[in-house]
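What you see is a predicted model; the values in this text were computed from it and never measured. Any value given below was found using the heavy atoms of this structure, including those in side chains, with hydrogens, waters and symmetry copies removed.
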Amino acid sequence: MRIKRITLPVSDKDIRSLKCGDRVLLSGIMLTARDASHRIMAETLTAGKDLPFDLDGQTIYYTGPTPARPGRIVGSAGPTTSSRMDKYTPLLLEHGLKCMIGKGRRSEVVKKKMLKSRAIYLAAIGGAGALLSRSIKRIKPVAYPELGAEAVYRLAVEDFPAVVINDIYGGDLYDSGRAAHRRI
């Protein structure tokens, strides 16, 4: 199986080239955000205010990195359950978000909005936060530091592994995988 190398922020050309099931290695800049920061972002945007960072073309990794041990850049940084962000995601897609990374299925509402916004959803391996953190080369807080691990951080990553779950053509790896392995 071929592994595609993608530079972040992801380009429209790269988004068009990706299909559900593709394995990717991501290098570049991504943001982190979890439940609490999503709630604040949605409240801010709904109030007609600007976020303290630009969402246009960005990738958000649903993770809350733990503090670094001595000699390390960051602690564990595994994916959290993406469906918890589903109620906020359509609004963020309307403001330019292009790629999300987490684990688990997305709602039908989010999948339809991703198709309309030409955005993709990737999964990282759950339970492998310590291993995934080795791809993080720099971390910098961006917004909402009072939220601790749930603040928005900017990560510089190199060869961060993920799998395309939802592409811009309506592909869903969870659905196609289930159908491929269904027995009569």
Side-chain angles (χ1 to χ4, degrees), residues 1-51 53-63 78-126 132 142 152 154-155 157 160-182:
M1 178 177 281
R2 197 177 100 187
I3 298 176
K4 297 180 178 182
R5 293 186 176 277
I6 302 293
T7 300
L8 301 176
V10 64
S11 69
D12 290 338
K13 179 181 176 186
D14 283 336
I15 286 176
R16 286 191 302 272
S17 77
L18 295 172
K19 303 282 191 315
C20 74
D22 286 346
R23 292 179 177 189
V24 295
L25 291 174
L26 306 171
S27 295
I29 302 297
M30 64 172 70
L31 300 174
T32 70
R34 289 185 46 140
D35 313 56
S37 51
H38 271 74
R39 180 182 47 77
I40 293 172
M41 287 188 283
E43 289 171 354
T44 301
L45 293 171
T46 300
K49 298 178 183 174
D50 292 331
L51 297 178
F53 50 88
D54 190 3
L55 266 183
D56 193 37
Q58 288 296 327
T59 296
I60 291 181
Y61 178 29
Y62 303 143
T63 189
T80 195
T81 304
S82 302
S83 61
R84 295 200 320 253
M85 268 50 77
D86 279 357
K87 63 183 171 184
Y88 308 113
T89 300
L91 180 63
L92 301 184
L93 291 168
E94 289 173 13
H95 284 81
L97 181 64
K98 282 294 183 182
C99 180
M100 298 151 285
I101 306 168
K103 65 178 181 181
R105 291 180 158 276
R106 304 311 300 262
S107 72
E108 290 302 317
V109 170
V110 168
K111 289 193 287 187
K112 287 179 183 173
K113 191 66 175 181
M114 283 192 294
L115 283 174
K116 186 175 180 182
S117 301
R118 303 190 60 78
I120 57 175
Y121 170 60
L122 314 176
I125 301 170
L132 291 169
V142 173
V152 175
R154 180 176 288 121
L155 303 181
V157 297
F160 184 94
V163 176
V164 178
I165 300 298
N166 295 104
D167 59 33
I168 63 169
Y169 306 102
D172 184 317
L173 184 60
Y174 293 129
D175 290 342
S176 61
R178 182 178 291 162
H181 294 90
R182 184 172 290 138

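By the side-chain contact (heavy atoms from CB on, under 4.5 Å) test, Glu43 pairs with Arg39, sequence neighbours left out. Applying the side-chain contact (heavy atoms from CB on, under 4.5 Å) criterion to Tyr169, with sequence neighbours excluded, gives Arg16, Lys19, Asp167. Here Lys112 pairs with nothing under the side chain to side chain donor-acceptor pair (under 3.5 Å) rule; sequence neighbours left out. Taking the side chain to side chain donor-acceptor pair (under 3.5 Å) definition, one finds that Thr32 meets it with nothing, sequence neighbours left out. The side-chain contact (heavy atoms from CB on, under 4.5 Å) test applied to Thr80 returns Arg34, Tyr62, Arg84, Met85, not counting sequence neighbours. Residues passing the side-chain contact (heavy atoms from CB on, under 4.5 Å) test with Pro79 are Tyr61, Lys103, Ala124, Leu132, sequence neighbours excluded.
Taking CG of Leu51 as the start and CG of Leu92 as the end, the distance is 7.5 Å to the nearest 0.5 Å. Atom-to-atom distance recorded for Asp172:CG and Lys111:NZ is 4.0 Å, nearest 0.5 angstrom. Distance check: Asp50 CG to Thr44 OG1 gives 9.5 Å after rounding to the nearest 0.5 Å. Here the SG atom belonging to Cys99 is positioned 9.0 Å from the CD1 atom belonging to Ile6, to the nearest 0.5 angstrom.
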Take Phe160 and Ile101, measure what side chain to side chain contact (heavy atoms under 4.5 Å, CB included) needs, and give me the verdict at the end.
CA-CA 11 Å; Phe160 184 94; Ile101 306 168; 4.2 Å; yes
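Looking only at side-chain heavy atoms (C-beta outward), Met41 and His95 stay at 4.5 Å or farther from each other. Between Val10 and Leu26 there is no side-chain heavy-atom pair separated by less than 4.5 Å. With contacts defined as side-chain heavy-atom distances shorter than 4.5 Å, the pair Asp175/Arg105 qualifies.
Screening Arg106, Lys113, His38, Glu94 for a side chain to side chain donor-acceptor pair (under 3.5 Å) with Thr89, the sole residue that qualifies is Arg106.
The closest donor-acceptor contact from the side chain of Thr63 to the backbone of Gly78 lies under 3.5 Å. Put simply, the side chain of Lys98 never gets that close to the backbone of Ile15: no donor and acceptor are under 3.5 Å apart.
Within 6.0 Å of CD1 on Ile125 lie no more than 12 heavy atoms contributed by other residues, nucleotides or ligands.
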